[in-house]
Amino acid sequence: MSSMARSPTLGRALLLGCRAGLLVFLLLYTLCALLNMQLGYQGNESRIVTDWVWSEWRGVVLWQVARLIAAYSVIGLVLGALLGAGAWAAERSRRAVFGWSALGCLLVEALGVLGNMAQHPHVYAATLYGRSEVTAALLRAVSGTQPSGWYAAALVLPAVSGVALVLRGLGPVPRWHRVVGGATVAVAVLGFAGLGLARMGRPAGGAGTARPNLLILASDGLRPDHLSGNGYPRATSPNIDRLMDEGTRFSDTVVQVPRTAPSWTTLLTSQWAGEHPVVHTLVGREARETKLTTLATVLAAQGYRTAVVADYAGDHFSRFPYGFQQVSAPDFRFPDLVRQRMLIMHVALLPWTALAPGLFPERGEFPELTDPAPLLARVLRTLDGLPEDAPFALVVFASSTHFPYAAPWPQEGRFVEEGYRGPWRFGTTPQVEVNPEAPSPTPEDVAALGANYDAGVRTFDGLVGDLRADLEQRGRWDDTLVVVLSDHGEHLADASLGLGHGDHLWGGAALRIPFVVRLPGQVAPGRTVTQRARSLDVAPTVLELLGVPTPESFRGRSLASLVRPGEEPGPLPDAPALIETDLWFSDRDGQPYQTVRIPYPWIYETATVEKDTGEIALKPEWEGTVRRARHRGLYLGRWKLLELPTPDGVVVQLFDVVADPAEAHDVAGDFPNVVTAMRARLAEELPDGTREVERPVEH
């Protein structure tokens, strides 16, 4: 008998298994690294950024490479050793031990990836969906299958190896046991894989405190017109609909700047952007460190325990001094972004990072990872730590409805038309660089995008239901003021206005948010308020409902009188709702707003990264241009006015939102007196003094 045919010692088998596992996982690392060499963010790839990162942030890149190689190596060594020991227990030859360990590692890896892919196919779509028809077909085939089946199948070989070791330790194993054991392994793997292939059926369509608690439930980019309780045809929001029935909804709530950080700052400070320093998304150090009087600081001074828990889109909560006593939110610093983008390329490692999220915390910051389960776990831990003898004020901010408009299993693909194979099957995201040769989206593409977004709405709604159930169990639901809202809406290519938010002010999809309040005895059930509300008004309204005085710095007005039980009151006087765009990330995205703007370069030229903090900020020399170039306007009564600065003057547009709710027809030429009055009111209301009197462009 040759040396290779003899059964090795346990030590030799462990060594052979380690070698096989290490070889397999280092090959997987190499394959992933070679196939995904260019850094990108949410589908936006740039050679400029890749080269700059290698030049300026080489240390971050090399350290992440070392961490990745170490992770692959540890997994390969541990898994290979376990499988090698199992082969030794089965009295295999040296060659068989090595081969069994290598093939076993590949099988466990493949099943683990399939399970994670079934749970979060949109995470893998970032690197696989557009690569080839083979990988795209694989994603489509796995989507909708049971993740638990794949995961269970992946555990079979390690479990059998462990059992074999125990049996070997107990005594000799008859050959027929080994045969039966091998057959059992094959049946188990096939059986669990079959469970994975089984698809979910797709549906057809404590003691209370003296003062109320506050729970704000928000999802980034949540559109009120996509809630089934507002008449949307899909069943997207049963839990939110129930809150609407039990409380009061505002049917028309407008934000000022439809981007996350400026909008949340306006909402929490009840000040216009320009009165507070967060005038756009990429403000510098001085603005980030300015002390703010907010809803959180006011409530903390009144004895509330304040906390905010957010996932990836809530980085502003950790970067701006909003005054929350507890903050559980990610960062959005450039080194973190580099690590995040490098990790998502390694599809072979992604399932393993979910087992030890603390080793790769950047996984939790993936925009593509829209699963609210980790967010829910952190919220429940936060609630566990709150004192029962004091009221709490808790903000929960999810990213389930933010682009890339994707939902995890079991909601993923829930509303997508069967057989759709287009580019937006697993969501999409606005592009900084647009390929001019790329085909325009088809109606089927737009429908798929809306379907994916609706699955995200349903996912957030599930989080709302889970938190309700938990607070009911704690006995703290009915003494809690519950508020449902968002930071802005979203354009979904459904009205020829592009994707995303913050780039233009046409239409109302990105400017309107849900605003629902519920508090038994203090808020009328089943009421709809048609009076226009502003995000500026949220904090004063909440404070009055909680019985807390409003600080003088708050500019908004309380709307609590409109939601009190009893006879429904008449409307309040109209109040102006200022609106304006954020800074533009691109000068080449092909959207219509590019034709009516003061030009300045794209973000790769106008932004910088602070070396000491890693914060991404606008270069100071571009601040003035960005503020002058922004589109601005206001809603007042039945009118919406827009001022769009261009190099040749200001383009002025006017919309009658009563006669034209879709805001599709510019009537500025028909109502010159209204235009004059509205422009004067806008000049009066603008808080920052940057508006220049400019001649309008002739219509």
Side-chain angles (χ1 to χ4, degrees), residues 206-219 222 224 227 229-230 237-251 253 267-268 270 295-296 298-300 302-308 379 383 386-397 461 463-486 513-531 533 535 537-550 554 556-569 572:
T209 58
R211 291 175 292 174
N213 305 303
L214 171 64
L215 175 63
I216 296 178
L217 300 171
S219 184
L222 180 62
L227 300 176
N230 287 332
S237 53
N239 294 295
I240 297 175
D241 299 348
R242 184 180 176 189
L243 287 174
M244 292 180 184
D245 292 338
E246 297 170 346
T248 294
R249 78 188 80 178
F250 290 82
S251 63
T253 305
L267 192 149
L268 292 171
S270 189
L295 178 64
V298 172
L299 290 175
Q302 293 290 320
Y304 277 76
R305 184 66 183 176
T306 62
V308 58
V379 172
L383 287 169
L386 295 175
E388 294 190 2
D389 58 351
F392 64 78
L394 174 62
V395 175
V396 179
F397 184 46
D461 184 79
L463 174 66
V464 172
D466 290 339
L467 288 175
R468 175 175 189 146
D470 181 81
L471 286 173
E472 286 178 336
Q473 185 178 11
R474 296 172 190 263
R476 307 193 77 171
W477 176 251
D478 283 332
D479 63 353
T480 296
L481 171 61
V482 180
V483 182
V484 177
L485 47 78
S486 184
I513 62 170
F515 182 22
V516 181
V517 290
R518 177 200 185 272
L519 180 60
Q522 298 296 318
V523 173
R527 179 177 295 173
T528 298
V529 176
T530 57
Q531 170 92 46
S535 60
D537 302 326
V538 170
T541 302
V542 166
L543 289 178
E544 183 173 345
L545 291 173
L546 295 175
V548 174
T550 301
F554 279 22
R557 60 180 180 176
S558 172
L559 305 177
S561 63
L562 302 178
V563 307
R564 296 289 191 188
E567 185 177 351
E568 190 167 348
L572 300 173

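Hydrogens, waters and symmetry mates play no part in the numbers below; they use all other heavy atoms, side chains included.
Nearest approach of R211 to Y304, heavy atoms of both residues: CB-OH, 3.8 Å. For L268 against F554, the heavy-atom pair with the smallest separation is O-CZ, 3.9 Å. Heavy-atom minimum distance, G303 versus A390: O-CB, 4.0 Å. The two atoms that bring Q522 and P565 nearest to each other are O-CD, 3.3 Å, heavy atoms only. Smallest separation of non-hydrogen atoms from S251 and T530: OG-CA, 3.4 Å. Considering every non-hydrogen atom in both S561 and P569, the closest pair reads O-CG, 3.2 Å.
The closest donor-acceptor contact from the side chain of T248 to the backbone of V523 lies at 3.5 Å or more, if one exists at all. Here the side chain of R527 pairs a donor or acceptor atom with the backbone of L562 at under 3.5 angstrom.
Atom CD in E472 sits 10.5 Å away from atom OG1 in T480 (nearest 0.5 Å). The distance from the CG atom of D466 to the CG atom of L471 is 11.0 Å, given to the nearest 0.5 Å. In this structure, the separation between CZ on R249 and CG on L227 is 9.0 Å, given to the nearest 0.5 Å. The distance from atom CZ of F515 to atom CG of L559, rounded to the nearest 0.5 Å, is 6.5 Å. Put simply, CD on Q531 and OG1 on T253 are 10.5 Å apart, with the number rounded to the nearest 0.5 Å.
W477 places none of its side-chain heavy atoms less than 4.5 Å from the side chain of D470. Between P391 and L214 there is no side-chain heavy-atom pair separated by less than 4.5 Å. Here the side chains of L222 and P514 are in contact, with some heavy-atom distance below 4.5 Å. Under the 4.5 Å side-chain criterion, counting only non-hydrogen atoms from C-beta, V379 is in contact with L394. Counting heavy atoms from C-beta on, the side chains of N213 and L215 never come closer than 4.5 Å. Put simply, the side chain of E544 reaches to within 4.5 Å of the side chain of R564, judged on heavy atoms. Using a 4.5 Å heavy-atom cutoff, the side chains of L485 and L267 are in contact. Counting heavy atoms from C-beta outward, L519 and V517 have side chains that stay 4.5 Å or more apart.
Across L383, T306, L299, a single residue satisfies side chain to side chain contact (heavy atoms under 4.5 Å, CB included) together with F392, and that is L383. Considering I216, T550, V548, L546 in turn, I216 is the only one that fulfils the side chain to side chain contact (heavy atoms under 4.5 Å, CB included) rule with L295.
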Give the C-alpha distance, both sets of side-chain angles, the deciding distance and a yes or no for side chain to side chain contact (heavy atoms under 4.5 Å, CB included) between R518 and V563. CA-CA 9 Å; R518 177 200 185 272; V563 307; over 6 Å; no

Kindly indicate, with the supporting measurements, whether the criterion side chain to side chain contact (heavy atoms under 4.5 Å, CB included) is fulfilled by R468 and L243. CA-CA 10 Å; R468 175 175 189 146; L243 287 174; 3.9 Å; yes

One pair to check against side chain to side chain contact (heavy atoms under 4.5 Å, CB included): R557 and L572. What are the steps and the verdict? CA-CA 10 Å; R557 60 180 180 176; L572 300 173; 3.7 Å; yes

